[in-house]
Asker: 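Below are the structure tokens for one structure; questions will follow.
As the structure lists them, so they are numbered: ligands from 1, and atoms in each ligand from 1.
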Amino acid sequence: MPGDQRHIEIMDTTLRDGEQTSGVSFSPTEKLTIAQLLLTEVKVNRIEIASARVSEGEFEAVKAITKWAKSNGFLNQVEVLTFVDGDVSIQWMQQAGAKVMNLLTKGSLNHLTHQLKKKPEQHFAEIADVIKLARKKGIEVNVYLEDWSNGMRHSKEYVFQYLDFIQKMPVKRIMLPDTLGILTPAEVTEYISAIVQRYPGLHFDFHAHNDYDLGTANVLEGVKAGAHGIHLTINGMGERAGNAPLASAIAVMNDFVPEVKTSVVEASLYRVSKLVETFSGFRIPVNKPVVGENVFTQTAGIHADGDKKNKLYFSDLMPERFGRTRRYALGKTSGKANIENNLAQLGIQLSEPDLKKVTQRIIELGDKKEVVTQADLPYIISDVIDSRNITEKVRIENYVLTHSKNLRPSVTVEISINGELYEEHSQGDGQYDAFVNALKKVYKRMKKELPILTDYAVRIPPGGKSDALCETVITWSYNGKEFKTRGLDSDQTVSAIKATQKMLNLI
Ligand SMILES: CC(C)C(=O)C(=O)O
């Protein structure tokens with residue numbers, strides 16, 4: 001099969017249709033960076049970078065991209081959307097250094113009649129004039145049939161009349177947009193097959209929109225039905241619900257249509273998605289196939305267990321293909337296998353009893369809706385192992401901490417020492433200070449001094465992803481010696497109280 005595979009041209013329109021995502025605007029430098037990445041690393045065949053006449057900023061962006069593209073041999077892969085407006089768009093493109101136009105024409109009688117208020121013959125004559133002018137200036141022409149999908153549904157004769165006309169014109173590609181994202185996969189098959197069979201010598205691109213969440217499915221059917229090129233955007237950005245997403249569409253073509261191939265490098269897709277997310281401010285949903293944060297994370301313990309046993313929950317959609325790695329979530333449903341997988345990734349081995357304790361701690365945190373990450377694990381382990389060596393003769397049983405405006409924080413604490421219960425109340429400069437003052441009162445009743453706190457350090461596990469844990473490490477001085485205790489909790493004061501209880505058990 002590989003030798004006979006049909007090559008599908010990939011045209012990325014992130015910088016034109018993708019920028020039509022509400023609220024998104026790329027700067028010229030961002031556009032240039034994305035354009036360079038798409039052509040040199042992702043290796044799409046063509047990019048559509050702007051609509052003509054839009055703004056000064058857009059003009060600057062096109063100029064910068066065409067300048068770079070020219071000196072790197074990509075100029076014929078850089079396209080600009082233009083209008084049937086005599087020579088206005090042509091001049092704009094020429095001044096910006098662009099060489100390929102995607103001429104926006106009408107693909108449905110409805111649009112032609114009610115928007116342009118023209119007859120087909122008049123429209124065709126104006127299109128012909130623009131095409132001839134562009135060709136004279138050395139510009140390559142592709143044509144869009146805007147609203148083509150409605151055209152096929154409701155005015156097929158018009159679409160065929162248009163195609164009969166355009167096949168005689170010097171255009172390179174005919175681009176068939178499902179402008180409103182209304183087509184079903186079955187219709188895509190029917191309409192594209194009909195057109196490809198009727199006009200065998202012509203090149204047809206299919207441009208899907210995602211209004212019914214059928215963008216990728218429609219691309220799949222379009223390619224199977226014989227489309228020669230596909231328009232896609234990074235992260236599925238685009239007008240309204242967006243276009244078909246590049247990463248998903250490439251994975252689908254690679255896995256489900258063996259008779260076709262593309263030049264796109266799968267391993268670059270995640271990187272370019274993240275870059276576009278940053279530049280556009282358009283967040284990738286965590287469950288977005290291929291590029292979403294969660295899509296290669298197994299959460300259920302049974303899945304992690306199955307992965308260890310003959311990779312039972314693996315599919316062809318392996319994260320490594322896209323420069324990603326499989327992760328195992330830590331939380332109340334994660335179970336022992338998830339934890340073991342994370343430990344293995346960190347190169348840590350634990351005894352069975354310690355593993356049980358760590359698991360128990362993660363379940364407790366998960367129950368509190370805390371997100372535990374792999375970076376938290378060493379902290380949890382050291383906390384669990386730390387507690388193992390301490391016999392609990394002192395327990396902080398209950399406490400109430402208050403914090404209010406213009407009043408000093410106060411604490412009521414109930415503590416058991418060798419099975420006997422003590423209660424005290426105190427105030428302090430902060431909640432923890434009030435807590436220590438209450439403890440001092442308890443120990444004074446027992447004629448005992450508490451160690452002096454000499455250092456108090458708070459840190460969160462590195463990585464910045466976890467909201468689960470905070471570690472407090474307190475240094476104490478007692479009888480001329482220094483020692484440290486640590487406490488781990490999602491609440492900072494509670495983590496300090498846990499560190500203090502450990503200290504009380506050590507003196
Ligand atoms: C502007 C046109 C080409 C478009 O994006 C569409 O019809 O979907």
Asker: Taking only heavy atoms of Y144, which atoms of ligand 1 are found under 4.0 Å from at least one of them?
Answerer: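 Heavy-atom distances to Y144 below 4.0 Å select 3 (C).
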Asker: Will you find, in the side chains of D205 and Y144, an N or O donor that is under 3.5 Å from an N or O acceptor?
Answerer: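 Short answer, no.
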Asker: Relative to the heavy atoms of P177, which atoms of ligand 1 are at a distance of less than 4.0 Å?
Answerer: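 Listed by number with element, the hits are 6 (C), 7 (O), 8 (O).
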Asker: Specify the protein heavy atom at minimum distance from atom 7 (O) of ligand 1: its residue, its atom name, and the distance to 0.1 Å.
Answerer: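 I find the closest protein heavy atom is T179 OG1, 2.6 Å.
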Asker: What residue and atom, counting heavy atoms only, is the protein's closest point to atom 2 (C) of ligand 1, and at what distance?
Answerer: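 Atom 2 (C) of ligand 1 sits closest to the protein heavy atom L104 CD1, 3.8 Å.
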Asker: For A208, does its backbone N or O pair with a side-chain atom of D178 as donor and acceptor, under 3.5 Å?
Answerer: no
Asker: Can N150 and D147 be counted as having a side-chain donor-acceptor contact under 3.5 angstrom?
Answerer: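 The answer is yes; a qualifying pair exists.
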Asker: Starting from atom 8 (O) of ligand 1, which protein heavy atom do you reach first, and at what distance in Å?
Answerer: H209 NE2, 2.9 Å
Asker: Could you check E79, E58, E239, E48 and say which one makes a salt bridge (Lys or Arg N to Asp or Glu O under 4.0 Å) with R16?
Answerer: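 The single option meeting the salt bridge (Lys or Arg N to Asp or Glu O under 4.0 Å) with R16 is E48.
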Asker: Looking only at protein heavy atoms, which one is nearest to atom 1 (C) of ligand 1, and what is the separation?
Answerer: R16 NH1, 3.5 Å
Asker: Looking only at side-chain N and O atoms, does H207 offer a donor or acceptor that is under 3.5 Å from a partner on D17?
Answerer: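 Yes, H207 and D17 have a side-chain donor paired with an acceptor closer than 3.5 Å.
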Asker: Can you tell me if N235 uses its side chain to pair, donor with acceptor, with the backbone of M237 under 3.5 Å?
Answerer: no
Asker: In terms of atom number and element, which parts of ligand 1 are under 4.0 angstrom from non-hydrogen atoms of D17?
Answerer: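 Within the 4.0 Å cut-off of D17, ligand 1 contributes 5 (O).
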Asker: Kindly confirm or rule out a cation-pi arrangement of R327 over F296, judged by NZ or CZ under 6.0 Å from the six-membered ring centre and within 45° of its axis?
Answerer: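 So R327 doesn't make the cation-pi contact.
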Asker: Taking only heavy atoms of E146, which atoms of ligand 1 are found under 4.0 Å from at least one of them?
Answerer: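 Heavy-atom distances to E146 below 4.0 Å select 7 (O).
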Asker: Using a 4.0 Å heavy-atom cut-off, say whether M175 meets ligand 1 through its side chain, its backbone, both or neither.
Answerer: neither
